[in-house]
Engineer: 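Dropping the structure in here first, questions after.
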2 protein chains.
Amino acid sequence: MGKRKLEHEPLNRNCPIRDVLDRLGDRWTVLIMMTLGDQTLRFSELRRQIVDISPRMLAQTLRHLEQDGLVLREVYPTVPPRVEYSMSDLGHSFYEHLQPMVQWADKHHDEVRQARASYIAQEAYQAL
Amino acid sequence: MGKRKLEHEPLNRNCPIRDVLDRLGDRWTVLIMMTLGDQTLRFSELRRQIVDISPRMLAQTLRHLEQDGLVLREVYPTVPPRVEYSMSDLGHSFYEHLQPMVQWADKHHDEVRQARASYIAQEAYQAL
DNA sequence: CTGAATCCGCTACGATACTG
DNA sequence: CAGTATCGTAGCGGATTCAG
């Protein structure tokens, strides 16, 4: 994936910040973090709360979060199996910084939507 | 893009928060916002600072940011043409909330990297 | 119940060439 | 200078099926 032409550029694709933040890029990470909060939830509970996620993506995203040390995965070897997910300390600290962004999005999404709408309108006008 | 099967679920894909936050998902939005800061930069200046971005992606991402009302685009009809980009008030307000996240990423990326490494190690161990 | 495995479409992204 | 137009690709993500 790299080209590693650059060595000490501040904020390019090889940059560690990208490395962490790219996880936010995928469709489900933020959603799962927000759903989890400070609860402990089982796989199926998460599935129920995030209605339109497929088991594949839920498992995959949880796996990534676990790899990054943001989420803890506790397996109870019972029958039927029982797996509980919760956020680690690192996850919580990340969550703290995530929440303001989500709140911002919630607060300003009307403005964003309006901006998009008026942009489209303006485009249509200029097409005449 | 949707299937709009659900109407009033709280945090699903039709949710306004997703609507805004999805922009963070793409490869360049955060990078451009951080590069722009409170400066006013021309297209080529942005290109120079974000070394490994193609003109296509720069234009496209700037277009999206403009559509969302986060970035202002000022065109000076001179020869040669001159276009300046800067952040809007909305953009600045977003930026304020973005920065803590980036700082978090910067501060903790070592822990994340370590978590990933030890995860892989553990995996390899269990494969025996 | 908790996933893993498979198949596959879509589109985000990259490289390049070209235009006003 | 500031972008578009075009083409090609990788991999994300969805649906479905199967397994421990």
Side-chain angles (χ1 to χ4, degrees), chain A residues 1-6 12-14 18 21-32 36 40-67 71-86 123 126-127, chain B residues 1-6 12-14 18 21-32 36 40-67 71-86 123 126-127:
Chain A
M1 180 189 267
K3 280 212 305 201
R4 112 193 19 121
K5 234 197 311 192
L6 16 121
N12 288 305
R13 76 146 59 113
N14 310 45
R18 291 288 316 280
L21 253 38
D22 272 357
R23 293 291 205 221
L24 296 186
D26 65 55
R27 208 160 203 67
W28 301 110
T29 298
V30 172
L31 197 46
I32 289 177
L36 209 48
T40 295
L41 294 176
R42 301 180 60 176
F43 190 86
S44 54
E45 292 174 321
L46 281 166
R47 254 193 101 172
R48 264 191 298 278
Q49 295 206 29
I50 308 174
V51 184
D52 51 0
I53 194 173
S54 67
R56 181 184 186 277
M57 291 317 294
L58 181 56
Q60 188 178 106
T61 311
L62 283 171
R63 174 71 42 123
H64 282 152
L65 286 168
E66 188 196 358
Q67 284 176 9
V71 157
L72 301 173
R73 179 170 176 271
E74 204 81 34
V75 183
Y76 300 90
T78 59
V79 179
R82 168 193 192 83
V83 180
E84 291 184 345
Y85 294 91
S86 60
E123 227 172 18
Q126 286 174 1
Chain B
M1 182 190 264
K3 282 213 306 212
R4 104 197 27 122
K5 238 199 303 192
L6 15 121
N12 289 304
R13 79 145 57 112
N14 311 46
R18 291 288 316 279
L21 254 39
D22 271 356
R23 293 292 204 221
L24 297 188
D26 65 54
R27 209 162 202 65
W28 301 110
T29 298
V30 171
L31 198 46
I32 289 178
L36 210 46
T40 295
L41 294 176
R42 301 179 60 173
F43 190 86
S44 54
E45 292 175 322
L46 281 166
R47 253 193 102 173
R48 264 191 299 277
Q49 295 207 27
I50 308 172
V51 184
D52 51 0
I53 193 173
S54 67
R56 182 182 187 276
M57 291 317 295
L58 180 55
Q60 188 178 106
T61 311
L62 283 171
R63 176 70 45 120
H64 283 152
L65 285 168
E66 188 197 357
Q67 284 175 9
V71 157
L72 300 174
R73 179 171 176 271
E74 204 80 35
V75 183
Y76 300 91
T78 59
V79 179
R82 168 192 192 82
V83 180
E84 292 184 346
Y85 294 90
S86 61
E123 228 172 18
Q126 286 176 0

Engineer: Round to a whole Å and report the spacing from OH of A:Y76 to P of C:dG3.
Structural biologist: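 Computing the A:Y76:OH to C:dG3:P distance gives 13 Å.
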Engineer: Students often get this wrong, so: under 4.0 angstrom with heavy atoms, is A:S54 touching a base, only sugar-phosphate, or nothing?
Structural biologist: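 Touches nothing.
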Engineer: Looking across every strand, which nucleic acid part, if any, lies under 4.0 Å from B:R73 by heavy atom: base, sugar-phosphate, or nothing?
Structural biologist: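 Sugar-phosphate: the residue B:R73, judged by heavy atoms under 4.0 Å, touches backbone atoms but no base.
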Engineer: Which distance, rounded to the nearest 0.5 Å, do you find between the CG of B:L31 and the CG of B:D26?
Structural biologist: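 So the CG of B:L31 and the CG of B:D26 are separated by 10.5 Å.
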Engineer: Just verifying a value: how many Å separate A:R42 CZ and A:S86 OG, rounded to the nearest 0.5 Å?
Structural biologist: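 Interatomic distance, A:R42 CZ to A:S86 OG, rounded to 0.5 Å: 14.0 Å.
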Engineer: Output the single nucleotide from C:dC1, D:dA2, D:dT4 whose closest atom is nearest the side chain of B:P55.
Structural biologist: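 Selected nucleotide: D:dT4.
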Engineer: Could you tell me the separation between the CD1 atom of B:I53 and the P atom of D:dA2, rounded to a whole number of Å?
Structural biologist: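 Rounded to the whole Å, the gap is 14 Å.
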Engineer: State whether B:T78 places a side-chain N or O below 4.0 Å from either non-bridging phosphate oxygen (OP1 or OP2) of D:dC1.
Structural biologist: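 The answer is no; no side-chain N or O of B:T78 sits under 4.0 Å from OP1 or OP2.
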Engineer: What integer distance in Å separates B:R23:CZ from C:dC13:P?
Structural biologist: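 Rounding to the nearest Å, CZ of B:R23 and P of C:dC13 are 11 Å apart.
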Engineer: Could you list the residues that satisfy salt bridge (Lys or Arg N to Asp or Glu O under 4.0 Å) with B:E84, not counting sequence neighbours?
Structural biologist: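 So B:E84 forms a salt bridge (Lys or Arg N to Asp or Glu O under 4.0 Å) with B:R82.
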Engineer: Just N and O in the side chain of B:R63: are any of them under 4.0 Å from OP1 or OP2 of D:dT4?
Structural biologist: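 Checking B:R63 against D:dT4: at least one side-chain N or O falls below 4.0 Å of OP1 or OP2.
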Engineer: Could you work out which one of D:dT4, D:dA2, C:dG3 sits closest to the side chain of B:R42?
Structural biologist: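 The listed nucleotide nearest to B:R42's side chain is D:dA2.
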Engineer: Take the protein atom CE of B:M57 and the nucleotide atom C1' of C:dA15, then report the distance between them rounded to whole Å.
Structural biologist: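 After rounding, the reported distance stands at 13 Å.
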Engineer: Polar atom pairs between nucleotides 5-7 of chain C and protein, under 3.5 Å, N or O only, would you list them?
Structural biologist:
from, atom 1, to, atom 2, distance (Å)
C:dT6, O4, A:R56, NE, 3.1

Engineer: Give the intermediate values and the outcome of side-chain contact (heavy atoms from CB on, under 4.5 Å) for residues B:I53 and B:R27.
Structural biologist: CA-CA 10 Å; B:I53 193 173; B:R27 209 162 202 65; over 6 Å; no
Engineer: For A:Q60 and for A:P81, find the nucleotide of DNA chain D with the closest heavy atom, then tell me which residue's nucleotide is more 5'.
Structural biologist: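 Comparing both residues, the 5'-ward one is A:Q60.
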Engineer: So which nucleotide from D:dA2, D:dG14, C:dC13 ends up closest to the side chain of A:R27?
Structural biologist: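 Selected nucleotide: D:dG14.
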Engineer: About how many Å separate CH2 of B:W28 and CG of B:L46, when rounded to the nearest 0.5 Å?
Structural biologist: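 Going from the CG atom of B:L46 to the CH2 atom of B:W28 covers 12.0 Å.
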Engineer: Could you state the atom-to-atom distance from CD1 of B:I50 to C1' of D:dA2 in whole Å?
Structural biologist: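 To the nearest whole Å, that distance equals 15 Å.
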Engineer: In whole Å, I'd like the distance from the CD atom of A:E66 to the P atom of C:dT2.
Structural biologist: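 For the pair A:E66 CD and C:dT2 P, the rounded distance is 15 Å.
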Engineer: Working to the nearest 0.5 Å, report the span between CG of B:L36 and CD of B:E45.
Structural biologist: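 One gets 10.5 Å once the value is rounded to the nearest 0.5 Å.
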Engineer: Just jot down the side-chain hydrogen bond (donor to acceptor under 3.5 Å, both in side chains) partners of B:R73, sequence neighbours excluded, or say none.
Structural biologist: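 For B:R73 the side-chain hydrogen bond (donor to acceptor under 3.5 Å, both in side chains) partners, ignoring immediate neighbours, are B:Y85.
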Engineer: Please work out if A:Y85 contacts a base, only the sugar-phosphate, or nothing of the nucleic acid, heavy-atom cut-off 4.0 Å.
Structural biologist: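 Touches sugar-phosphate only.
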Engineer: If the condition is salt bridge (Lys or Arg N to Asp or Glu O under 4.0 Å), which residues does A:R23 pass it with, not counting sequence neighbours?
Structural biologist: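 A:D68.
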Engineer: Distance-only check: which donor-acceptor pairs under 3.5 Å involve side-chain atoms of residues 58-67 of chain A, not counting sequence neighbours?
Structural biologist:
from, atom 1, to, atom 2, distance (Å)
A:T61, OG1, A:M57, O, 2.7
A:R63, NE, B:Y119, OH, 3.2
A:R63, NH1, B:Y119, OH, 3.2

Engineer: In whole angstrom, give the distance that lies between atom CG of A:L41 and atom C1' of C:dC1.
Structural biologist: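 These atoms are roughly 15 Å apart.
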Engineer: Report for the helix from C:dC1-D:dG20 to C:dG20-D:dC1: angle between first-end and last-end helix axes, five pairs each, rounded to 10 degrees.
Structural biologist: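 Helix axis angle between the two ends: 50°.
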Engineer: Between atom CG in B:D26 and atom C1' in D:dC12, what is the gap in whole Å?
Structural biologist: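 After rounding, the reported distance stands at 14 Å.
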Engineer: What's the closest nucleotide to the side chain of A:W28 if the choices are D:dG14, C:dA4, C:dG3?
Structural biologist: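 Taking heavy atoms from C-beta onward, the closest nucleotide is D:dG14.
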